[in-house]
Amino acid sequence: MAKNYYITTPIYYPSAKPHMGHAYSSIVADFFARFKSIDGFKVYFLTGTDEHGLKIQRSAEKNNKDPKVFCDEISKTFKDLTKILNLSNTDFIRTTEERHITSVQNLWNILKKNKQIYLSKYSGWYSVSDEAFYNDDEIEEKEGLKVSKSSGSSVEWVEEESFFFKLSKWEKSLLEFYENNKDFIRPKSRRNEVISFVKRGLKDLSVSRKSFSWGIKVPNDDNHVVYVWLDALTNYLSSLNYPDENNKLYKSFWPADLHIIGKDILRFHAVYWPAFLLAANITPPKKVYGHGWILSGDEKMSKSKGNILDPIEIIKVYGLDPLRYYLLKEVSFGNDGSISETKLESCINSDLANNFGNLCQRVISFAEKNCSSLIPDHSFNDDDLKILNSLSNVDKIRTMIDNQDINQYMNFIIDRLFASNKYFNDQEPWKRKNDKLRLSTIVYTALELIRKISILLYPVMPQTILKVFRAFNIDEKQINISSLKNNDFFKEKDKINKLDILFKKIEND
RNA sequence: GGCGGGGUAGCUCAGUUGGUUAGAGCGCGGGACUCAUAAGCCCGAGGUCAGUGGUUCGAUCCCACUUCCCGCUACCA
């Protein structure tokens, strides 16, 4: 059985610099990517930037820049972010790249050939910032300006020739597809929303624009550019060298296993995207997960409220791994979550410094003083085996990951951390100095516990966990989920290196 | 207006296919220990499980209604 796994983030729209929401999507996707890769999967992890559309064209004009130059600059900040977030992505795609343009035009041609696209005339209200068309009844007048009722962004009257995709035709097929692929939309509550949306009926979708030029040209009709969503979504194929469907990447990784997206773009991914693909005879992806927003305290982050927490600034102050840990643990995946410096600090102190960090410290330092920093001898009793085996059920853990139960996964880790600290306490190795084998076994068991928990924490905090493994002379390639089943991984007399403090506590008055 | 989700300890949340004392973390109070980042461990305080009514021997969990919050969506305009 091929163990391949294809996961994506949204491609980000570079009209402004990266914010916490981008960081969150990316960190979540990286978490899954890293878990799968230490679980023996060949992982293809894609992220990138979505660079076409009127909004970009206008931002570029405003800055007196050629749109491509403008995109180069901002796309770079997103590419830099992948490094700052320590993402394990295998590719970074830009929709202005030739490979993507070829891919989109090819998809267009197939849709055209399959008679899924026709030329007609569009008239209606268009919001540049939402990249969406609105009906008369979806707009209202505010302070003399026409704005969208739903987003509040200003709309303009557009009347032009446009190509349409026969979305209306796909209503029934989509509903069947949702029915036959019950996992396609997650979380479940979102699935219900999408289904009820489709059930109300779908209108054909305008998929080209004539009034501006910053986009991918419609084949054989240079006056039109491809609608940004048809353009953007196709990135998931482009990266796999589509349209060459016989190449190794495409054959190994399509259909994608998981698209991680924010709930705001669920409709595009759960309705339009599978419809385009079905219409082009391409298998849709296996799952789309629409996560929630990251709020600042309990409010949406916005410039006017001045409550923006910039991920890059947070990382400068607190470090990357604490942020990754916080977002994965504290945000209930699928729901909105909130972040504040106070909560982040409290999380760092209690979970990372006091619980995990201190566990590593006390055990390794005890081993240094009592076992000469060498892996000691061992002879397990029932207490030892009981706690070690509580970290051996890999199937249970894999199920959590395959169901995207991030919180359950994190809670399991935390629960085992408490149990490990308690184990060390209850066994009181410091009172066993005249029972050398028992003392050694306790230390050995504790080291194994740290090793196992660290494996589970690796997808969450890769940099920190590598430090722990360096103390054990384990390198990144040796980290794997199935070794959780092993209770005596460590070899007697192997050296244990000194471990620096992993997380400093944050002292406030 | 319709559909869906939700209201559980000071805070963030878990849970119960209905069954003696409702759970965790953080925060708070106390205790014993000392390997450790004065960390960890133990004990405790704190909840009419939104409200009302119903089904049941028994409901936080099922049903109805009420109320509040959130999401999707519609209509009026």
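Just so we're on the same page: letters track the sequence lines, and every chain starts at 1. Because only heavy atoms are used, hydrogens play no part in the values below, and waters and symmetry mates are left out as well, while side chains stay in.
- Ring pair A/H269/A/Y236: centre-to-centre distance below 6.0 Å.
- Atom name C1', nucleotides B/G46 and B/G5: the rounded distance is 29 Å, in whole Å.
- Spacing between atom CG of A/N192 and atom C1' of B/G4 amounts to 6 Å, rounded to whole angstrom units.
- Searching all strands for a Watson-Crick or G-U wobble partner of B/G4 with both distances below 3.5 Å returns B/C70.
- Across every strand in view, B/C62 sits in a pair with B/G54 that passes the Watson-Crick or G-U test at under 3.5 angstrom.
- Rounded to a whole Å, the CG atom of A/L359 is 16 Å from the P atom of B/C35.
- For B/A50 and B/G6, the P atoms lie 12 Å apart once the distance is rounded to whole Å.
- A/S196 comes within 4.0 angstrom of no nucleic acid atom, judged by non-hydrogen atoms across all strands.
- Using Watson-Crick or G-U wobble geometry with both donor-acceptor distances under 3.5 Å, B/G25 finds its partner in B/C11.
- Base pairing of B/A77: no nucleotide in any strand meets the Watson-Crick or G-U wobble criterion (both distances under 3.5 Å).
- When the C1' atom of B/A39 is taken as reference, atom NZ of A/K422 falls 17 Å away, rounded to whole Å.
- The nearest whole Å value for the distance from the OH atom in A/Y423 to the P atom in B/C41 is 15 Å.
- Across all strands shown, B/A32 remains unpaired; no Watson-Crick or G-U wobble contact has both distances below 3.5 Å.
- Atom pair A/L417:CG and B/G40:P shows a separation of 11 Å (rounding to whole Å applied).
- Side-chain contact check for A/E492 and A/Y444: no donor-acceptor pair (N or O, by modelled atom type) lies under 3.5 Å.
- With C1' as the reference atom, B/C49 and B/U16 are 11 Å apart, rounded to whole Å.
- Counting non-hydrogen atoms under 4.0 angstrom, A/F418 reaches the backbone sugars and phosphates but no base.
- For A/Y272 and A/F165, the gap between ring centers reaches or exceeds 6.0 Å.
- The interatomic distance linking A/I414 (CD1) with B/A24 (P) rounds to 15 Å, in whole Å.
- In this structure, A/F490 has its ring center under 6.0 Å from that of A/F472.
- As the counterpart of B/A45, no nucleotide is assigned, since no Watson-Crick or G-U wobble pattern has both distances under 3.5 Å.
- Residue A/K369 places at least one side-chain N or O closer than 4.0 Å to OP1 or OP2 of B/A36.
- Both geometric conditions, a ring-centre gap below 5.5 Å and a plane tilt below 30°, are not fulfilled together for A/F366 over the base of B/C35.
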Show your reasoning for whether salt bridge (Lys or Arg N to Asp or Glu O under 4.0 Å) applies to A/D30 and A/R324.
CA-CA 10 Å; A/D30 189 56; A/R324 290 178 59 117; 2.8 Å; yes
